[in-house]
Amino acid sequence: MLHPITNAHFLVLSAALLLIGTIGVLTRRNMVVILMSIELILNAVNINLVTFSRHFGDVHGQIFAIFVITVAAAETAVGLGILIALFRNRETVLADEVDLLKW
Amino acid sequence: MADTILFYIFAAFVLGGGVLTVTRRNSVHSALWLIVSLLGTAGLFLLRQAEFLFAVQIILYIGGVVLLILFVVMLVNLDETARLRQFNKAWWVALACAVVVGIEIWYVLNRGLETLEPGEAPQTAATIEGNTERLADVLFSEYLLPFEIASLLLLVAIVGSVVMAKKRI
């Protein structure tokens, strides 16, 4: 028999998604995939916000989720712009080959 | 009962899509699995009675952000990149950090679970007006200034990305 779903299920799921996104950001070399992993992290945050919005019975958490989505869209647009500029100058999208400012 | 089954289906979407997004070699495949993951998240929003966010998630994330990423994947030549090594040399450090963070989150969640248990918020299902009306009511009264600042942020992002991507200004 399956248990009914509680908020804790959602929190554990969002923690797992956050970890997957973190691993993606930290380990991948391809910058496009790093941007996608950031989207995964922000989605985990949104799941948390919506879960707590339901938990406390008001919509403020969902408002916050809307703002998170706005910031995510802006971040993706700027990040991809940087990516295109970078590819034009350096012919690479690998994060560890862009080390001009590194010692 | 149906809720439980749906939750596990959407959870499989979210986690499976996420893992495949992170591990695929081809960026286009990654983006397509990202769509699966985002769809699962949208379903979870629906399970928590956030209908407006469900629509926003599909229209803005899947229709906007993933489309943008796919455009860039087509624009930038990624064929050679797909043939190279996909993970950092220091991937095991990253993995260890992620495991530590995971243990930390697990500990905090376990400590807080009792206070979380009462869970079910009473009024969400039986409100007179829908989710979208309530959101709009709060967004345009209490959060009016942040709303305007968000529009300013989007304007800055548009201008910034155009400046970044343009060859010569």
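On a predicted model such as this, the values are computed, not experimentally measured, just so you know.
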Subject >> Toward chain B, the part of A:R88 with a non-hydrogen atom under 4.5 Å >> reply: side chain

Original post:
If you take all heavy atoms of B:A94 and A:T27, which pair is closest and at what distance?
Top reply: CB-CG2, 3.5 Å

Original post:
Hey, what do you get for CG (A:L94) to CD (B:Q86), rounding to the nearest 0.5 Å?
Top reply: 8.0 Å

**OP:** Rounded to the nearest 0.5 Å, what's the gap from CG on A:L40 to CH2 on B:W33? Could you check?
**Re:** 13.5 Å

Original post:
Between B:F52 and A:I66, which heavy-atom pair has the shortest distance, and what is it?
Top reply: CE2-CD1, 3.6 Å

**OP:** Answer yes or no on whether A:R29 is positioned over the face of B:F87, meaning its NZ or CZ is under 6.0 Å from the six-membered ring centre and within 45° of the axis.
**Re:** no

**OP:** Might you work through the side chain to side chain contact (heavy atoms under 4.5 Å, CB included) test for B:L47 and A:F10, ending with a clear yes or no?
**Re:** CA-CA 10 Å; B:L47 281 184; A:F10 282 84; 4.2 Å; yes

Original post:
Counting N and O atoms only, with roles assigned by atom type, does the side chain of B:R48 sit under 3.5 Å from a partner on the main chain of A:H55, one being a donor and the other an acceptor?
Top reply: no

Subject >> Donor-acceptor contact below 3.5 Å, side chain B:N88 vs main chain A:L26 >> reply: yes

Original post:
Judged by atom type as modelled, is there a donor-acceptor pair below 3.5 Å linking the side chain of A:R54 to the main-chain atoms of B:Q49?
Top reply: no

Original post:
To the nearest 0.5 Å, how far apart are OH in B:Y143 and CZ in A:F64?
Top reply: 5.0 Å

Original post:
How close do A:V32 and B:V73 get, heavy atom to heavy atom, and via which atoms?
Top reply: CG1-CG2, 3.6 Å

Subject >> chain A contacts, top residue of B:L44, B:I158, B:V56 (heavy-atom pairs, under 4.5 Å) >> reply: B:L44

Original post:
Do B:Q57 and A:N46 get their side chains close enough for a donor-acceptor pair, meaning under 3.5 Å?
Top reply: no

**OP:** Heavy-atom pairs under 4.5 Å with chain A are the metric here; pick the option from B:G160, B:A150, B:A165 that has the most.
**Re:** B:A165

Subject >> Contact origin within B:R24 toward chain A - heavy atom pairs under 4.5 Å >> reply: backbone

**OP:** Quick one: which of B:I5, B:D3, B:L68, B:V156 has the most heavy-atom pairs under 4.5 Å with chain A, could you say?
**Re:** B:L68

**OP:** Go through the steps to decide whether B:W106 and A:V12 satisfy the test side chain to side chain contact (heavy atoms under 4.5 Å, CB included), and finish with yes or no.
**Re:** CA-CA 8 Å; B:W106 185 248; A:V12 170; 4.1 Å; yes

Subject >> Heavy-atom proximity to chain A below 4.5 Å, by part of B:S30 >> reply: both

Subject >> Toward chain A, the part of B:F71 with a non-hydrogen atom under 4.5 Å >> reply: neither

Original post:
Is chain B contacted by the side chain of A:S37, its backbone, both, or neither, given a heavy-atom distance below 4.5 Å?
Top reply: side chain

**OP:** Pick one of side chain, backbone, both or neither for A:L35, based on which atoms fall under 4.5 Å of a heavy atom in chain B.
**Re:** neither

Original post:
Hey, what's the ring geometry for A:H9 with B:Y8, parallel, tilted or perpendicular (30° and 60° as the breaks)?
Top reply: perpendicular

**OP:** Check whether B:V14 gets within reach of chain A through its side chain, its backbone, both or neither, counting any heavy atom under 4.5 Å.
**Re:** both

**OP:** Check whether any side-chain heavy atom of A:F87 sits under 4.5 Å from a side-chain heavy atom of B:V72, and report yes or no.
**Re:** no

**OP:** Counting only heavy atoms closer than 4.5 Å, note whether A:V33 contacts chain B via side chain, backbone, both or neither.
**Re:** side chain

Original post:
Does some side-chain heavy atom of A:Q62 sit less than 4.5 Å from a side-chain heavy atom of B:R134?
Top reply: no

Original post:
Which answer fits B:T23, side chain, backbone, both or neither, if we ask what part of it has an atom under 4.5 Å from a heavy atom of chain A?
Top reply: backbone

Subject >> Interchain contact, A:L18 with chain B, by part (heavy-atom threshold 4.5 Å) >> reply: side chain

Original post:
Is there a side-chain contact between A:I69 and B:L53 (heavy atoms, below 4.5 Å)?
Top reply: yes

**OP:** Between chain B and each of A:L86, A:T92, A:L80, A:I47, count heavy-atom pairs under 4.5 Å; write down the option with the most.
**Re:** A:L80

Subject >> Over all atoms of both residues, closest heavy-atom pair of A:L19 and B:G102 >> reply: CD1-CA, 3.4 Å

**OP:** Could you have a look at B:A90, B:G17, B:A50 and say which one has the most heavy-atom pairs with chain A under 4.5 angstrom?
**Re:** B:A50

Subject >> Rounded distance [0.5 Å steps], CG in A:N43 versus CG in B:L38 >> reply: 5.0 Å

Subject >> Closest non-hydrogen atom pair, A:A74 against B:L154 >> reply: CB-CD2, 4.3 Å

Subject >> Under 4.5 Å from a heavy atom of chain B, the part of A:V25 involved >> reply: neither

Original post:
Does CZ in B:F13 sit with more than 12 non-hydrogen atoms of other residues, nucleotides or ligands closer than 6.0 Å?
Top reply: no

**OP:** Nearest 0.5 Å please: distance from the CD1 atom of A:I20 over to the CG atom of B:L15.
**Re:** 5.0 Å

Original post:
Measuring heavy-atom distances to chain A, does B:V19 have an atom under 4.5 Å in its side chain, in its backbone, in both, or in neither?
Top reply: both

**OP:** Please name the pair of heavy atoms, one in A:L42 and one in B:Y61, separated by the smallest distance, quoted to 0.1 Å.
**Re:** CB-OH, 4.0 Å

Original post:
Do you know which of B:V93, B:L139, B:L75 has the most heavy-atom pairs under 4.5 Å to chain A?
Top reply: B:L139

Subject >> Side chains of A:I63 and B:F147 in contact at under 4.5 Å (non-hydrogen atoms) >> reply: no

Original post:
Got B:S27 and A:N30 here, is their nearest side-chain heavy-atom distance under 4.5 Å?
Top reply: yes

